[in-house]
Amino acid sequence: MPSVAEILIPLALDTPYSYVVPAGLELANGDVVQVPLGPREIVGVVWGLTETAGGSNLRPVTGRLPYPPLSEPLRSLVDWIARYTLAPKGSALSMVLRLPDEANAAETIRVAVRITDKPPSRPTAARTKVLAVAADGALRGKSALAKEAGVSVSVIDGLIDDGVLETVAVEPEPVAPRPDPDFPRTPLSPAQGEAVDELLKGFPWHQPPGDTEAPADLRPVLLEGVTGSGKTEVYFEAVAACIRAGLQALILMPEIALTAQFLDRFAARFGVRPAAWHSGIGGKRRERLRAAVAEGEALVVVGARSALFLPFARLGLIVVDEEHETAYKQEDGVHYHARDMAVVRGRLEGCPVVLTSATPAIETRVNAARDRYRHVLLPERFGGRKMPDIAAIDMRRDQPERGRFLSPPLVNAVKHTLERGEQALLFLNRRGYAPLTLCRACGHRYQCKNCSTWLVEHRFRRALVCHQCGYAERRPEACTECGTFDNLTACGPGVERIAEEAAEVFPGRRIVVLSSDFPGGAERLRQELDAVAAGECDVVIGTQLVAKGHNFPFLTLVGVLDADIGLTSGDPRAAERTFQLLQQVTGRAGRGEKPGRALVQTYQPDHPVIAALLSGDAERFYAEEIQAREAAGLPPFGRLAALIVSASDRAVAEAHGQALARAADPPEGVMVLGPAEAPLALVRGRYRFRLLVKTERNVDLQGYLRAWLARGPKVRGNVRVAIDVDPQSFL
DNA sequence: AGCACGCCGACT
DNA sequence: GTCGGCGTGCTC
């Protein structure tokens with residue numbers, strides 16, 4: 001009887017394909033194989049094996065590939081994610097199986113040169129310069145040496161040919177140096193020590209001293225502690241314990257937080273920087289790290305959400321840092337939330353999962369409150385540092401002049417801060433100069449021609465820009481609608497406009513604007529962040545990116561320019577988002593010795609979000625918000641989903657979306673909310689139309705959505721429908 | 001994801 | 001007349 005293998009192929013296919021296993025080939029589930037598919041050969045994974053009677057007309061498996069097989073938990077994760085997200089199984093597999101693309105296998109050349117005792121046969125000026133540098137006998141990379149000597153690489157090559165320099169093959173830089181769990185570290189505070197004990201309690205690989213048979217508790221743990229309470233040091237101890245137990249640990253971080261600062265902090269605890277995994281690491285290095293993970297060599301991996309799909313050999317712990325971060329949401333291809341998938345992977349691997357945050361997501365808080373998750377609290381800042389003092393500036397009373405956005409009390413506070421030689425941050429979560437441009441003559445508002453959003457003026461670039469799809473046009477001199485000359489007006493402030501105002505109000509001060517569109521790109525932005533952290537700037541004007549990642553030790557005053565932004569956005573998570581963001585950004589004040597101060601400009605100081613922020617009473621905010629959600633049947637008590645219809649043609653996307661809406665026929669407990677607030681967006685060359693659905697908790701959302709799709713207009717090749725279960729953003 | 005087949009418009 | 005755009009369907 002021939003063996004038949006079910007092979008899952010990492011393409012948008014729902015089911016595995018069957019192949020005959022040729023005689024002499026032993027296959028097991030999870031093996032990585034090559035199979036013919038149409039005219040080509042492709043990589044797949046053994047998803048099942050059967051014995052079948054009768055000669056079949058199936059094509060044979062070409063052979064097994066020399067990669068570690070996918071473990072059972074990882075295969076279950078693929079199945080689980082495909083089921084939960086309604087994505088084709090093959091698509092889910094493709095997140096796990098990113099095998100080497102030979103194309104970009106280039107790694108920086110691993111050849112170093114060293115001086116020999118042979119003198120150059122023909123000394124030239126350039127050669128002398130090189131020899132002066134190389135005289136110390138140290139090993140250097142070819143290009144590094146050329147650069148240091150100020151000559152071109154060909155001079156070095158000439159010297160190698162001449163025998164003056166010798167080449168030495170260099171061991172590739174280790175991808176995964178071994179962290180030392182017992183590296184000397186600064187002692188923990190008593191509160192931290194207690195949190196560590198509490199955290200480890202119940203971890204299956206942890207034996208509490210003196211307690212021989214403590215029952216394992218595999219519930220995920222929410223590690224909650226205010227900004228500056230030292231959560232990181234606490235979970236580092238869990239990582240250390242995990243390494244001592246001979247297991248691997250994964251630390252997930254939002255992409256933005258994966259900074260040199262964090263890696264250094266890790267190095268201070270463990271002696272070496274951890275292996276880092278993110279979209280930027282490519283080629284050979286990526287493959288070597290992957291292999292090191294699969295062999296259990298890499299003990300700790302710090303990575304962005306895609307690290308969740310690495311083939312760990314012995315996973316012992318997953319930490320999700322800043323678990324409330326929206327960056328954990330994957331919004332294209334397979335839509336998933338990395339925090340939740342981490343919890344699933346932990347369950348499948350039988351390993352503990354720790355979620356950390358100063359401002360947990362509502363759903364995580366609810367899970368903790370209902371004992372689905374354990375809850376470990378760090379209520380105080382580390383080392384007796386005080387929480388910043390937060391006060392409101394009521395904009396109805398302390399109005400700035402017309403056309404200005406900084407209120408007099410805030411200006412004064414900044415001036416005093418600067419006089420003391422300290423830093424101030426003005427926070428406004430709006431890039432560009434002005435969020436809306438309109439014509440004074442005819443009232444025409446400039447809108448993106450792709451998306452349903454206003455165009456944002458970027459004065460520096462002299463352009464109107466769509467923040468959804470990146471569409472940009474030159475800011476017109478005359479209204480494109482009525483032709484009136486020079487009569488466009490900028491409505492509302494963005495960070496650029498605040499910078500303009502700050503330059504007038506704080507003359508002679510060094511002012512920097514930090515936003516994700518920083519001129520010169522991500523690398524320049526990173527340098528600028530470092531410069532700010534080093535105190536080389538007086539006033540920082542920043543968007544939400546300053547709320548995360550970097551610490552600014554000289555910062556003692558935070559001014560929130562418009563705390564009310566986002567409270568009226570129509571997003572069911574608006575209150576939660578705003579609270580988290582403001583809590584994080586005001587928490588930046590006073591990281592150094594000095595206690596910090598935050599001033600919050602608002603038109604509605606009595607709004608529950610603002611009031612909770614001012615009083616520092618996060619508990620009250622969570623309690624009220626949870627109650628409101630429950631009453632409205634919103635997540636985490638009900639569920640939300642979006643159907644995302646996409647097509648390369650705007651009209652097609654829209655028409656198909658509307659047709660789908662008409663075919664909804666919702667049963668009891670399901671509400672089709674209709675198109676999202678700004679339903680249309682252009683994403684990567686395709687128009688997306690978003691339809692929102694809300695269900696009560698006990699409704700089978702997956703089943704309903706499947707039925708709906710089956711009933712709706714037939715999905716043709718150019719139109720695609722994706723399902724985003726519990727979407728995190730409605731903008 | 002590729003790749004082929006097929007149907008339409010615009011070129012030597 | 002054909003070249004080539006892309007929409008459509010198929011791959012065990």
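Values reported hereafter were calculated over all heavy atoms of this structure, with side chains retained and with hydrogens, waters and symmetry mates removed. Every chain is numbered from 1 and lettered A, B, ... according to where its sequence line falls, protein lines coming before strand lines.
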Measure the distance from CD1 on A:I42 to C1' on C:dC12 and round it to the nearest whole Å.
-> 12 Å

Inspect the surroundings of CZ in A:R83 and state if more than 12 heavy atoms from other residues, nucleotides or ligands are less than 6.0 Å away.
-> no

Here the distance between atom P of C:dT11 and atom CG of A:L58, to the nearest Å, is 13 Å

Starting at CG of A:L37 and ending at P of C:dG9, how long is that distance when rounded to a whole Å?
-> 18 Å

Compare the minimum distances between each of C:dC12, B:dC3, B:dA1 and the side chain of A:A12, then state the nucleotide with the smallest one.
-> B:dA1

Rounding to a whole Å, what distance do you find between A:E41:CD and B:dC3:P?
-> 13 Å

How long is the line joining CG of A:L93 and P of C:dC12, in whole Å?
-> 17 Å

When all nucleic acid strands are considered with a 4.0 Å heavy-atom cut-off, which category describes A:P36: base, sugar-phosphate, or nothing?
-> sugar-phosphate

Could you give me the CA-CA distance, side-chain angles and deciding distance for A:M95 and A:V334, then say whether side-chain contact (heavy atoms from CB on, under 4.5 Å) is met?
-> CA-CA 9 Å; A:M95 301 194 293; A:V334 179; 4.0 Å; yes

Minimum heavy-atom distance between A:L289 and A:A176, given as atom pair plus value = CD1-CB, 4.5 Å

Checking B:dC3, C:dC12, B:dA1 against the side chain of A:Y19 (C-beta onward), the nearest is C:dC12

Should the ring pair A:F266 and A:F262 be called parallel, tilted or perpendicular, given that the plane angle runs from 0 to 90° and is split at 30 and 60?
-> tilted

Report the distance from atom CD1 of A:I9 to atom P of C:dC10, rounded to the nearest whole Å.
-> 16 Å

Determine the contact category for A:R59: base if any of its heavy atoms lies under 4.0 Å from a base atom, sugar-phosphate if only primed atoms, P, OP1 or OP2 are that close, otherwise nothing.
-> sugar-phosphate

Base, sugar-phosphate, or nothing: which does A:L13 touch, judged by heavy atoms less than 4.0 Å apart?
-> base

Calculate the interatomic distance between A:L8 atom CG and C:dC12 atom P; express it in whole Å.
-> 15 Å

Between C:dT11 (P) and A:Y17 (OH): distance, integer Å = 6 Å

